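Below: the structure, in structure tokens.
Keep in mind that this is a model prediction, so the values were computed, not measured. Values below: all heavy atoms of this structure, side chains included; hydrogens, waters and symmetry mates excluded.
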Amino acid sequence: MSGGFLNQRPLEKIEKLKQQRKAVILAHNYQPGEIQDLADFCGDSLALSRKAAQTEAEVIVFCGVLFMAETAAILSPEKTVLLPDKYAGCPMADMITAEQLVSLKQKHPDALVVCYVNSTAEVKAESDYCCTSSNAVELVESLPKDRQIIFVPDQHLGRFVAERTGRELILWPGYCITHVIISEEDIKGAKVKYPDAVVMAHPECSEPVKGLANQLLSTGQMLNFAGESFAKHFIVATETGIIHALKKRNNEAEFIPASEKAVCPNMKKITLDKIIIALEEMKYKIEVPEEISVKARKALDRMVEVLPAR
Ligand code: 13P
Ligand code: SF4
């Protein structure tokens with residue numbers, strides 16, 4: 001199949017292949033700029049999950065990481081979900097296994113389990129509810145006050161939710177290496193250069209970094225907030241891929257990454273060439289075994305229903 005496309009440019013090739021395969025391309029806000037630009041839809045984890053559940057396309061090419069493609073496969077079992085690089089994983093999602101969660105549940109038999117969407121399908125299957133950083137606070141707030149809550153795997157998102165809801169959560173010590181690399185010193189240094197800047201931080205950041213932020217937001221919420229703001233400078237404490245999306249949303253303001261080191265190597269594994277190969281060879285198909293998918297779906301259905309406050 002590739003022979004006929006040899007002389008075409010990557011974007012034209014992708015467009016043709018997309019039509020042939022009746023495919024849609026979904027991209028996360030951390031993807032390389034050229035992939036954000038070619039995607040049919042770009043967004044945060046919650047918006048992408050909703051899109052995957054609703055699309056009429058037969059094939060979803062997921063430009064993101066494995067847990068996102070798995071979520072799409074669970075929410076749209078009749079569709080073919082392709083992840084262009086099979087090694088694009090999320091280290092935080094792999095910080096807790098289903099077995100570890102089961103033994104935590106045994107220690108707290110009456111607790112409800114909320115898992116962050118950045119988790120494996122097996123962990124979702126052992127959870128009562130799933131959430132993203134956009135709706136974690138609202139989801140936890142909706143749970144009965146007399147029940148203990150286990151929150152996995154991100155300790156930093158968990159602490160943010162505990163603080164916002166006033167509820168004590170049983171946390172797992174997972175973390176995102178890309179977000180915890182951003183330091184208090186990074187924010188203070190950027191503030192010296194841009195004293196008037198609004199600091200936006202993702203809840204996955206460490207507590208000292210969040211303590212210096214004006215706004216704690218998911219990536220989608222950052223785009224909405226900056227798009228509506230009249231501020232001239234923003235210090236952005238999250239993965240640097242978001243800067244491209246922020247500039248597209250608001251070309252009047254300047255967006256300063258809190259740290260140039262905050263790069264998620266897994267998100268950057270997706271390339272134009274790999275998207276072409278994915279569509280040509282229909283790989284890598286992400287399939288979740290039915291017994292896991294059915295259980296995980298219950299936790300995910302609730303996630304897509306709960307609306308964030310903003
Ligand atoms: P968002 O849901 O805010 O896009 O975050 C996803 C993620 O992986 C953050 O590291
Ligand atoms: Fe996972 Fe962190 Fe990359 Fe998000 S930025 S996908 S949490 S490793």
Side-chain angles (χ1 to χ4, degrees), residues 44-54 65-77 81 90-176 203-204 218 220 286-309:
D44 66 7
S45 306
L46 184 60
L48 290 170
S49 301
R50 292 200 172 116
K51 213 60 187 180
Q54 290 159 2
V65 292
L66 179 61
F67 76 81
M68 297 179 175
E70 271 183 351
T71 300
I74 297 166
L75 289 169
S76 272
V81 179
C90 167
M92 173 160 62
D94 296 328
M95 284 182 189
I96 185 166
T97 63
E99 292 69 33
Q100 287 171 314
L101 179 54
V102 168
S103 60
L104 185 61
K105 284 179 7 173
Q106 281 161 357
K107 284 192 201 138
H108 305 278
D110 297 325
L112 293 169
V113 179
V114 179
C115 73
Y116 188 21
V117 70
N118 299 38
S119 53
T120 62
E122 289 78 7
V123 163
K124 290 183 177 81
E126 289 298 333
S127 301
D128 298 301
Y129 304 95
C130 191
C131 66
T132 77
S133 58
S134 294
N135 65 1
V137 169
E138 291 78 9
L139 188 124
V140 167
E141 257 165 4
S142 75
L143 302 182
K145 297 273 176 289
D146 57 344
R147 298 290 295 275
Q148 277 194 305
I149 298 170
I150 294 173
F151 189 95
V152 298
D154 187 20
Q155 59 178 301
H156 299 294
L157 177 65
R159 288 201 192 98
F160 162 76
V161 173
E163 202 186 298
R164 288 279 163 103
T165 59
R167 295 192 66 160
E168 220 174 285
L169 304 180
I170 300 158
L171 298 178
W172 186 257
Y175 59 91
C176 165
E204 287 178 18
S218 73
I286 303 303
E287 286 160 331
V288 179
E290 203 185 335
E291 70 276 14
I292 307 267
S293 176
V294 167
K295 285 169 83 186
R297 173 84 196 230
K298 290 193 187 136
L300 281 170
D301 277 344
R302 182 83 182 114
M303 179 187 92
V304 285
E305 276 165 20
V306 174
L307 291 173

Worksheet entry | Steps toward side chain to side chain contact (heavy atoms under 4.5 Å, CB included) verdict (N118, E204) | CA-CA 11 Å; N118 299 38; E204 287 178 18; 3.7 Å; yes
Worksheet entry | W172 vs I150, side chain to side chain contact (heavy atoms under 4.5 Å, CB included): CA-CA, chis, key distance, verdict | CA-CA 8 Å; W172 186 257; I150 294 173; over 6 Å; no
Discussion item. Is there a side chain to side chain contact (heavy atoms under 4.5 Å, CB included) between V152 and L104? Walk through the geometry before answering.
Written reply: CA-CA 10 Å; V152 298; L104 185 61; 4.2 Å; yes
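Residues satisfying the side-chain hydrogen bond (donor to acceptor under 3.5 Å, both in side chains) criterion with N135, sequence neighbours excluded, are absent altogether. The salt bridge (charged side-chain N to carboxylate O under 4.0 Å, His left out) check on E305 picks up R302, with sequence neighbours excluded. With sequence neighbours excluded, no residue forms a salt bridge (charged side-chain N to carboxylate O under 4.0 Å, His left out) with D94.
Side-chain contact check for C131 versus V140: every heavy-atom pair is 4.5 Å or farther apart. Under the 4.5 Å side-chain criterion, counting only non-hydrogen atoms from C-beta, P144 is in contact with L112. Side chains of F160 and V137 form a contact here, defined as non-hydrogen atoms less than 4.5 Å apart. Taking the side chain as every heavy atom from C-beta outward, E138 and L307 never approach each other to under 4.5 Å.
Expressed to the nearest 0.5 Å, how far CG of L101 lies from SG of C115 amounts to 8.0 Å. Q54 contributes atom CD, which lies 10.5 Å from atom OG of S49 (distance to the nearest 0.5 angstrom). Separation of atoms CG (D301) and CE (M303) is listed at 9.5 Å; rounding is to 0.5 Å. In this structure, CG in L143 is found 4.5 Å from CD1 in I149, a value given to the nearest 0.5 Å. Between the NZ atom in K298 and the OG atom in S293 there is a gap of 11.5 Å [rounded to 0.5 Å]. Put simply, CZ on F151 and CD on E168 are 15.5 Å apart, with the number rounded to the nearest 0.5 Å.
Judged by distance alone, the side chain of R167 and the main-chain N or O of E141 form no donor-acceptor pair under 3.5 Å.
When every heavy atom of S134 is checked against every heavy atom of D44, the shortest pair comes out as OG-OD2, 2.8 Å. Nearest heavy atoms, V117 versus C130: CA-SG, 3.6 Å. Considering all non-hydrogen atoms of both residues, P203 and S218 come closest at CD-N, 4.4 Å. Between V65 and C90, the shortest heavy-atom distance links the atoms CG2-CB, 4.1 Å. Shown here for P153 and M92, the closest heavy-atom pair between the two residues is CG-O, 3.8 Å. When all heavy atoms are compared, the tightest approach of I292 to A125 is O-CB, 3.7 Å.
Sorted by first and then second residue, the salt bridge (charged side-chain N to carboxylate O under 4.0 Å, His left out) pairs with a member in residues 119-131 read K105-E126, E126-K295; sequence neighbours excluded. Listed by first then second residue, pairs satisfying side-chain hydrogen bond (donor to acceptor under 3.5 Å, both in side chains) with a partner in residues 151-162 read Q155-R159, H156-E207, R159-E207, not counting sequence neighbours.
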Please set out all donor-acceptor pairs under 3.5 angstrom arising from side-chain atoms of residues 70-77, sequence neighbours excluded.
unit_1	atom_1	unit_2	atom_2	d
E70	OE1	A121	N	3.1
T71	OG1	F67	O	2.7
S76	OG	A52	O	2.6

